Number of protein chains: 2
Amino acid sequence: MVKKESFFLNDCSDLKTLMKVAVGEEKADLAVVNARCANVYTGELLDDCAVCIKGRRIAYVGRDPQTSIGSATEVIDVKGKTVIPGLIDGHTHLALLSSAGEVLRYAIKGGTTAIVTETMEAFPVAGYEGLIDFLKSFENQPIKILATAPAMISISRTAHGISEQTLQKLLDRDDIVGMGESYWQAVLQDSGSILPLFERTLRAGKRLEGHSAGASDKKLSAYVAGGVSSCHESINAAQVLERLRLGLHVMIREGAVRKDLKEAAKIKKCGIDLRRLVLVSDSLLPADLMKNGYMEGIVQKAIDYGFEPIHAVQMATLNVAEHFSLDHLIGGIAPGRYADLVVIPDIATIEAQIVISNGRVVAENGNLLITPRKHKFAQKSLNSIQLPREIKPADFIIPAPAGTQKARVRVINMLTDLVTSEVVLSWPVAEGQLVADSKRDIIKIAAIDRTHNPGNLFTGLIKGFGLKSGAIASSAAWDTSDIVVIGANDKDMAFAVNRIRSLQGGTVVCDQENILAELPLPVFGLISDLPLQAIDQQLKEVTRAAQNLGVPFPQPMLSLTILTGAAIPYLRICEEGYVNLKDGKAVPFFVE
Amino acid sequence: MVKKESFFLNDCSDLKTLMKVAVGEEKADLAVVNARCANVYTGELLDDCAVCIKGRRIAYVGRDPQTSIGSATEVIDVKGKTVIPGLIDGHTHLALLSSAGEVLRYAIKGGTTAIVTETMEAFPVAGYEGLIDFLKSFENQPIKILATAPAMISISRTAHGISEQTLQKLLDRDDIVGMGESYWQAVLQDSGSILPLFERTLRAGKRLEGHSAGASDKKLSAYVAGGVSSCHESINAAQVLERLRLGLHVMIREGAVRKDLKEAAKIKKCGIDLRRLVLVSDSLLPADLMKNGYMEGIVQKAIDYGFEPIHAVQMATLNVAEHFSLDHLIGGIAPGRYADLVVIPDIATIEAQIVISNGRVVAENGNLLITPRKHKFAQKSLNSIQLPREIKPADFIIPAPAGTQKARVRVINMLTDLVTSEVVLSWPVAEGQLVADSKRDIIKIAAIDRTHNPGNLFTGLIKGFGLKSGAIASSAAWDTSDIVVIGANDKDMAFAVNRIRSLQGGTVVCDQENILAELPLPVFGLISDLPLQAIDQQLKEVTRAAQNLGVPFPQPMLSLTILTGAAIPYLRICEEGYVNLKDGKAVPFFVE
């Protein structure tokens, strides 16, 4: 068994070895010579540089490498090409559809060599044990994957929160660099459970990742005063500027949930210090990853939108390493740092010709030379749909108050594909029930707990989701341990949920009890075990099937799964009922 | 008894209070309004800003403070004046002559609100217990004093080193932000005692302060690969640039030992990213401190030498806070940070009109409004000259090898006032002894251990120190627990040392057994308990007396005490004999 190497430091004998290589008393394993080196510390491009590498780290950077090069040293002459530090994604969600190993197959060849991921998805469905299994899937990979502990802001009381003891166990780990995003409204509304977690994280010298979508002035100040030091939710240059001024590291997002770079890039006109600006994906869809690559694509876009190329590179290297206080290890080409390097044609063209990670050449000209490890998840992680029995159509019945002909009810209202409000309607009662009316585009939505009190569910109504018939369901419901389902009739809703139950996770679109498309997600009910192409294919089929049933949104699965989320305004649903995110409080279905 | 407040975080209820003040649910204690705020994060000057303060910290920064201001809030209208963050000295030695309390009397009124000091002087003479007493002298002061644990690189084997256990106890403290400067030659020559200390410091997430005077290319790379992340020894722009490129935080020094800013400031012509450039004093002499102030004087000089004013301010605020990973607490004006603010006329004029530290107005128009605490040192700290008996002139006799008329001997050669080389001479033997010859300017030098093996001493010869008669001695010998003495005759040498013994520390100049000048240093034998003016007066008298006896150097005490130091090339002396710093090895007095 290979001893797990410490990310931070194995042993000081490693330091001694690096020092010896620098002065030529020992020889480098690998030397990259004749490089135009991007120096992210000074912002310079320096010609005729050499980088001498021993083991996983850099021993020497300079113009006179000969004494460090021996007969056994592999020498790569890059003939004047540009070498940049390995790219870092400072904020993503590796529980989005594809396994880490699959993401890496595409990430590495483009020059991404470090990733910081959230873990909030695994925890509510699989607990601490499942989270550890999730973290294990990041170990012994060809590049570094670090993680944040889950802040577990959730509208569901069963999914909400993490104990101080559990958090501390996570903070004690090398690979946990902070606590993940805690949505600002919940922090401001907190009655005492969140700030003790903040305290522990700060005491551990680690970061509190923020999520301040839409906050400004006093509320934003309050959030920052609480100890949060980043935000990846700015959607324009004004929001970027306000956050930078408050000392936040501002992560511009260009990924699956939103693409903010074009608007946010206008910040470049301000002529301000950009040291706290960072580029992140916040997760990528398989299609994006396959087509545009990973961080190399985002850095290239930043350059294309007008950032100085060296600034764009800093935004995905030094700036993010500094945010996490990891700049002595990653994010720059200097002695002692990990030997994570990317050879590109020139500083304005982020196309990886050679990728070096942990001192090894891992990709060349777009071809992987190594195979990311496919993690074998524990059986428990693969059995996350714990519904004790099949769901029946009758489980979705909404009984009307006795003797009423009409009932005033609260309905989730899709304002955009992600944002909701509420409408209160007077709804007819038929045979003592409230039923869906797909003609009016008001149909049923239910959230079903699948791990804590499996089968516990709530059914409400949603307007504007567009389904004319059939149902769509997913076990990848945000911030909860729910299956979320929307359907034009109770039968299809039950059918879709039961299909997810037999798949042990997934997203299913059905009509008249026929499966139209499905994306199995057996790991935690969140992650596929298939290659990225297959996932992409399945996801596209889900999208097409849902759109064929009438859903008007570009990503029906995202529009569905985000409805249990605690971050996006404002009327949300979980297995306990509706929650109004404006004040974080539960609101009843029936309105007096 | 006042509970000692944690520098990092007392309790998360503090965070909650700040958040409440930001949104106006509680009211600020203090508000600074109508300010032109220097935003060190973005490099902007922002008009019409307000800073709302609760307790020790900032709750709100912005343009709409009214909801946070109540009837009990003290409001300071600065009427458009500029407000910068409190200034930070990232590297100094608070064991240099004056006590912390005395330094603060001058530091605070100019706008310095945080200091990081070395502790290497107290440790070899007073051990862990004395070091803790030293650290106690920094507690409950009006501004923040942080410290680095001593790396204890010393040419004396008894003074050299610190145990891993002792280091760990120090690293576990909030007020210890790293391990202090470890001279690069010793680190490269290390056979195994230093790197385990590096490992512990890095594992603690704290900084390894560097000292890479004169190192370049391979040796500098080796030193950086060892884990060091700063250097304050650059004497010109080329050295600054080489170090910045290696990812070091480069601390430009302008203080007692050297004034490097004028030369180093030429780096501004390079147009590079200056985020890792820092201004430090590395200690100030009383006269400098009284005349030019503390960090405000150094920042002003940086502006006068051509740095953009906002860059100069960043160099003494954000940049240094980032180096120590303290930027969430100090170094900028943002929510959650300590309320350390300085009101100045404009960004190019660093003259403190109001100084706020930890949320309190501590100085106005150059007048202190608070009194720095005068620490009562433990009796043990005041009894550091442990010589069991008086030193006799005969203790300095250098016996010649039996039967020789002349002896080939190694002599310390003063090349400048600080740098030495060696000369080997054939020296006449008189009555079986080698005697001083002040006519040839070759006289005796001795180093006498005062705490470990008190009285253990070595006597050698020194050329070029200039003393025509008398002697000069000091207990403030660098990097050791020695008294160092140079004299034209043995009697005066003994007299000077014995005077230090009865003073329990100090610097003494005497001639024909008369004291010409003296500077008592009763705390650890290093620090005066007098006001700065008195110290300055006494130091000037010491300087004048030594110069009157023939010493040609501007700071005779510095030239004397540095001779036991392990940092400056190259022939040095301690109680065990000579050491050649080129290889760190002892070299004999008699040459074969």
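Since this is a predicted model, take the numbers as computed values, not measurements. Chain identifiers are assigned alphabetically (A, B, ...) following the order of the sequence lines, protein sequences preceding nucleic acid strands; residue numbering begins at 1 within each chain.
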Do A:V61 and B:R245 have side chains that get closer than 4.5 Å, going by heavy atoms?
no
Identify the heavy atoms of [X] and [Y] that sit nearest to each other, and give their distance.
{"X": "A:L15", "Y": "B:A225", "answer": "CD2-O, 3.7 Å"}
{"X": "B:D190", "Y": "A:K16", "answer": "O-NZ, 2.8 Å"}
{"X": "B:Y41", "Y": "A:D273", "answer": "O-CB, 3.5 Å"}
{"X": "B:D217", "Y": "A:D64", "answer": "OD2-CB, 3.9 Å"}

Which of the residues [options] is involved in the greatest number of heavy-atom pairs with chain A at under 4.5 angstrom?
{"options": "B:L277, B:L246, B:T17, B:V40", "value": "B:L246"}
{"options": "B:C37, B:A59, B:A22", "value": "B:A22"}
{"options": "B:G24, B:C52, B:P335", "value": "B:P335"}

Interface residue of largest heavy-atom contact number with chain B, from [options], under 4.5 Å:
{"options": "A:K20, A:H328, A:E242, A:E44", "value": "A:E44"}
{"options": "A:V21, A:I333, A:I58, A:L46", "value": "A:L46"}
{"options": "A:G336, A:G247, A:G62, A:A334", "value": "A:G247"}
{"options": "A:G43, A:S68, A:S13, A:G226", "value": "A:G226"}

Using non-hydrogen atoms and a 4.5 Å limit, figure out which bit of [X] sits close to chain B: side chain, backbone, both or neither.
{"X": "A:Q314", "value": "side chain"}
{"X": "A:I310", "value": "neither"}
{"X": "A:R207", "value": "side chain"}
{"X": "A:V187", "value": "both"}
{"X": "A:S229", "value": "neither"}

Determine which pairs satisfy salt bridge (Lys or Arg N to Asp or Glu O under 4.0 Å) with at least one residue from residues 317-340 of chain B, sequence neighbours left out, and list them in order.
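Output for this query lists A:R275-B:E322, A:R276-B:E322, A:R276-B:D327, B:K144-B:D340.
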Using side chain to side chain contact (heavy atoms under 4.5 Å, CB included) as the criterion, list what pairs up with B:D48, not counting sequence neighbours.
B:R63
